[in-house]
Peer 1: 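Dropping the structure in here first, questions after.
Hydrogens, waters and symmetry mates are skipped; everything else that's a heavy atom, side chains included, is used.
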Amino acid sequence: MDEECKKAAEKAMNLLLVQDRTKKELQERLYRAGFSEKAADYALEYVMSFGYIDDLRYAENYISFHKENRSRKELQYKLMQKGVPPEIISEAFLSYNREDEYTALKHQLRKKLKGKHLSDMEFQEKNKVTAYLARKGYALPAIRHVLQEQEEEEQ
């Protein structure tokens, strides 16, 4: 083991002390820090041997932390951007349920309305709210259901 490999492993450990990362994120950070591919690979193997990198654990924690604010599609997209493989993402979503999606959708609706009442809105304004929620990754039937629920609550 040469000096560069040692420094790369030390850098990897320091990066993981600050926050949990996926394998891809850590690898990119090591490359940006100027380490060679060999040194970065050594550092990744080193930290993985201790279980410090676990993409499944990362994905499960990420979903658990963000499920109240983001749709399932948005969570999947963000995890894919972070380099988590699709099969690991699927496994991490096993504990995610339909109620989580409705909770997140309701949260996004309240955030978008900012205290306004849905029943006071024009048809065009309601369509804009629907489009916003659809862009966030929510299914149209779920959006309609939550909008109807919200209007019934207001009456």
Peer 1: side-chain contact (heavy atoms from CB on, under 4.5 Å), that's the test. Do R21 and I53 meet it? Break it down for me.
Peer 2: CA-CA 7 Å; R21 298 175 195 277; I53 293 182; over 6 Å; no
Peer 1: CD/E28 to CG/L26 distance, rounded to the nearest 0.5 angstrom?
Peer 2: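 Reported to 0.5 Å precision, the distance equals 10.0 Å.
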Peer 1: Decide yes or no on side-chain contact (heavy atoms from CB on, under 4.5 Å) for Q108 and K112, but give the supporting numbers first.
Peer 2: CA-CA 6 Å; Q108 286 296 327; K112 184 67 178 169; over 6 Å; no
Peer 1: Report yes if the side chains of E4 and Y42 come closer than 4.5 Å at any heavy-atom pair, otherwise no.
Peer 2: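 No, too far: nothing below the 4.5 Å cut-off.
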Peer 1: Are L105 and L113 grouped together when hydrophobic residues (ILVMFWY) are joined by side-chain heavy atoms under 4.5 angstrom apart?
Peer 2: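 Per the 4.5 Å side-chain linkage, L105 and L113 are co-clustered.
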Peer 1: How long is the straight-line distance from CG of L56 back to CD of E91, given to the nearest 0.5 Å?
Peer 2: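 Going from the CD atom of E91 to the CG atom of L56 covers 4.5 Å.
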Peer 1: Determine whether Y58 and K82 make a side-chain contact, defined as any pair of heavy atoms from C-beta on separated by less than 4.5 Å.
Peer 2: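 Touching, per the 4.5 Å side-chain cut-off.
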Peer 1: Taking atom NZ of K23 as the centre, does the number of heavy atoms from other residues, nucleotides or ligands within less than 6.0 Å exceed 12?
Peer 2: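 For K23, atom NZ is not crowded (no more than 12 foreign heavy atoms under 6.0 Å).
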Peer 1: State the CD-CD distance between E101 and E99, to the nearest 0.5 angstrom.
Peer 2: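 The CD atom of E101 sits 10.5 Å away from the CD atom of E99.
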Peer 1: Parallel, tilted or perpendicular for Y96 and F93, by the 30°/60° rule?
Peer 2: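 If you compare the ring of Y96 with that of F93, the planes turn out perpendicular.
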Peer 1: Closest heavy-atom contact between D55 and P85?
Peer 2: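 In this case the closest contact between D55 and P85 is OD2-CD, 4.0 Å.
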Peer 1: If you count the non-hydrogen atoms of other residues, nucleotides and ligands that lie under 6.0 Å from NE2 in H107, is the total more than 12?
Peer 2: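 Yes, because the 6.0 Å sphere around NE2 of H107 holds more than 12 heavy atoms from other groups.
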Peer 1: Does the side chain of T22 reach to within under 4.5 Å of the side chain of L79, using non-hydrogen atoms?
Peer 2: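 A side-chain contact is absent here, since even the closest heavy-atom pair is not under 4.5 Å.
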Peer 1: If hydrophobic clusters are built from ILVMFWY residues whose side chains come within less than 4.5 Å, do L44 and F50 share one?
Peer 2: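 Yes, same cluster.
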Peer 1: When you check the gap from the basic side-chain N to the acidic O, do K106 and E153 get nearer than 4.0 Å?
Peer 2: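 So K106 does not pair with E153 through a salt bridge.
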Peer 1: Where do S36 and Y31 come nearest, in terms of heavy atoms and distance?
Peer 2: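 Scanning both residues completely, I find the closest heavy atoms to be O-CE2, 4.2 Å.
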Peer 1: What's the shortest heavy-atom distance between A12 and V47, and which atoms?
Peer 2: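 Of all heavy-atom pairs spanning A12 and V47, the closest is CB-CG1, 3.9 Å.
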Peer 1: State, yes or no, whether a side-chain contact exists between D20 and R57 at a heavy-atom distance under 4.5 Å.
Peer 2: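 Contact flag for D20/R57 side chains = yes.
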Peer 1: Run K116 and K114 through side-chain contact (heavy atoms from CB on, under 4.5 Å) and show every step you take.
Peer 2: CA-CA 6 Å; K116 296 178 190 171; K114 296 177 190 164; 5.5 Å; no
Peer 1: Which heavy atom of M80 sits nearest a heavy atom of I89, and at what distance?
Peer 2: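 Minimum heavy-atom contact is CG-CD1, 3.4 Å.
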Peer 1: Is L140 reachable from V146 through a run of I, L, V, M, F, W or Y residues, each pair having side-chain heavy atoms under 4.5 Å apart?
Peer 2: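 Both belong to a single hydrophobic cluster.
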Peer 1: Treat each ILVMFWY residue as a node, draw an edge where side-chain heavy atoms are under 4.5 Å apart, and state whether F35 and M48 are in one component.
Peer 2: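 In one cluster: yes.
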Peer 1: Please round to the nearest 0.5 Å and tell me the distance separating atom NE2 of H66 and atom CG of D100.
Peer 2: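 If I round to the nearest 0.5 Å, the distance is 14.0 Å.
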Peer 1: Would the number of heavy atoms belonging to other residues, nucleotides or ligands and lying under 6.0 Å from NZ of K126 be above 12?
Peer 2: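 Enclosed.
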Peer 1: Work out which heavy atom in R29 is nearest to a heavy atom in R32; give both atom names and the distance.
Peer 2: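 Heavy-atom minimum between the residues: CD-NH2, 3.0 Å.
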Peer 1: From Y102 OH over to L109 CG, what is the distance, rounded to the nearest 0.5 angstrom?
Peer 2: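 The CG atom of L109 is 13.0 Å from OH of Y102, to the nearest 0.5 Å.
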Peer 1: In the structure I gave you, are the side-chain heavy atoms of Y132 and K136 within less than 4.5 Å of one another anywhere?
Peer 2: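 Side-chain contact under 4.5 Å: yes.
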Peer 1: A side-chain contact here means heavy atoms from C-beta on lying under 4.5 Å apart; do E125 and V129 qualify?
Peer 2: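 No, too far: nothing below the 4.5 Å cut-off.
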Peer 1: What are the two closest heavy atoms between L75 and K67, and how far apart are they?
Peer 2: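 Scanning both residues, the minimum pair turns out to be CD1-CA, 4.1 Å.
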Peer 1: With distance as the sole criterion, is a donor-acceptor pair present between the side chains of R70 and Y62 under 3.5 Å?
Peer 2: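 Side-chain D/A pair, R70 to Y62: present.
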Peer 1: I'd like to check D2 versus C5 (side-chain heavy atoms, cut-off strictly below 4.5 Å). Are they in contact?
Peer 2: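 Yes, at least one pair of side-chain atoms sits under 4.5 Å.
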Peer 1: May I ask you to check whether over 12 heavy atoms, not counting those of E152, lie within 6.0 Å of atom CD?
Peer 2: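 Atom CD in E152 is packed in, count exceeds 12.
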Peer 1: Would you call Q81 and K78 a side-chain contact if the rule is heavy atoms closer than 4.5 Å?
Peer 2: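 They are in side-chain contact.
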Peer 1: Distance from L94 atom CG to E60 atom CD, nearest 0.5 Å?
Peer 2: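 Here the interatomic distance stands at 8.5 Å.
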Peer 1: State plainly whether one hydrophobic cluster holds both L133 and L118, where clusters connect Ile, Leu, Val, Met, Phe, Trp and Tyr through side-chain heavy atoms under 4.5 angstrom apart.
Peer 2: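 Same hydrophobic cluster.
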Peer 1: Are more than 12 heavy atoms, taken from residues, nucleotides or ligands other than E87, located less than 6.0 Å from that residue's CD atom?
Peer 2: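 Result for CD/E87: enclosed.
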Peer 1: Do the charged groups of K6 and E10 touch, with an N to O distance under 4.0 Å?
Peer 2: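 No.
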